[in-house]
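Below: one structure, written as structure tokens.
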Amino acid sequence: QVQLVESGGGLVQAGGSLRLSCTASGSIFSINAMAWYRQAPGEQRELVAVITSGGTTNYADSVKGRFTISRDNAKNTVYLQMNSLKPEDTAVYYCNADISRIGRPVNYNYWGQGTQVTVSS
């Protein structure tokens, strides 16, 4: 079984910072791309940032220059450093990982449980 566990969410003032983390555990053969999504109330889930197994990153235009995604392969962990936070960043943030499991022929996407980020004015 594979599990993704998130931490780091909370309440911050506009202009502040938060660092989210998500660690994968279980019967993992390899982890390919890892990503962060977010979903605000009444909105569709959107891709925030993605990082490949080789370290290549991509970001939504709304967070470029403010957010940084990184990963620690030895810890099976992906991070999202969020700076200069704005009220419109308020959402539930979900990590996602494309994982090859031991004994399985294909990859599969796994989701974290979500962590709330609230940015006040």
| query | Any side-chain donor paired with an acceptor under 3.5 Å for Ser17 and Asn83? | reply | yes

| query | Looking just at side-chain N and O atoms, do Thr90 and Thr118 make a donor-acceptor pair shorter than 3.5 Å? | reply |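 The answer is no; no qualifying pair exists.
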
Just how far is it from atom [atom1] of [X] to atom [atom2] of [Y], taken to the nearest 0.5 Å?
X      : Y      : atom1 : atom2 : value
Ser100 : Ile28  : OG    : CD1   : 10.0 Å
Gln113 : Ser7   : CD    : OG    : 8.5 Å
Ser25  : Gln3   : OG    : CD    : 5.0 Å
Asn96  : Trp111 : CG    : CH2   : 4.5 Å
Ser62  : Asp89  : OG    : CG    : 7.0 Å
Arg45  : Tyr93  : CZ    : OH    : 13.0 Å

| request: Over all heavy atoms of both residues, which pair between Leu80 and Ala49 is shortest? Give the atoms and the distance, please. | output: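 Looks like CD1-CB, 4.3 Å.
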
| query | Closest approach of Tyr94 and Gly114, non-hydrogen atoms and distance? | reply |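 Shortest heavy-atom separation between Tyr94 and Gly114 comes out as CD2-CA, 3.5 Å.
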
| Would Met82 and Val48 satisfy side-chain contact (heavy atoms from CB on, under 4.5 Å), going step by step from the backbone distance to the final call? | CA-CA 11 Å; Met82 304 185 293; Val48 176; over 6 Å; no

| field | side-chain contact (heavy atoms from CB on, under 4.5 Å) between Asn73 and Ile31, worked out | value | CA-CA 8 Å; Asn73 292 328; Ile31 301 178; over 6 Å; no

Side chain to side chain, [X] and [Y], heavy atoms closer than 4.5 Å:
X      : Y      : result
Ile51  : Val78  : yes
Met34  : Ile69  : no
Arg38  : Leu47  : no
Asn107 : Asn32  : yes
Phe29  : Arg101 : no

Donor-acceptor pair, side chain of [X] and main chain of [Y], under 3.5 angstrom:
X     : Y      : answer
Glu6  : Thr115 : yes
Arg66 : Ser84  : yes
Thr23 : Val5   : no

| request: Begin with the C-alpha distance, continue with both residues' side-chain angles, and end with the deciding distance and a verdict on side-chain contact (heavy atoms from CB on, under 4.5 Å) for Val2 and Tyr108. | output: CA-CA 10 Å; Val2 171; Tyr108 194 83; over 6 Å; no

| task | Could I get the full list of salt bridge (charged side-chain N to carboxylate O under 4.0 Å, His left out) partners for Asp98, not counting sequence neighbours? | result |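 So Asp98 forms no salt bridge (charged side-chain N to carboxylate O under 4.0 Å, His left out) with any residue.
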
| message | Can you confirm if the NZ or CZ of Arg71 lies within 45° of the ring axis of Tyr79 and under 6.0 Å from the centre of its six-membered ring? | response | no

| field | Pair Phe67 and Trp36, ring centroids less than 6.0 Å apart | value | no

| task | State whether Asp61 and Lys64 are salt-bridged, where the test is any N-O pair (Lys NZ or Arg NE/NH1/NH2 against Asp/Glu carboxylate O) under 4.0 Å. | result | yes

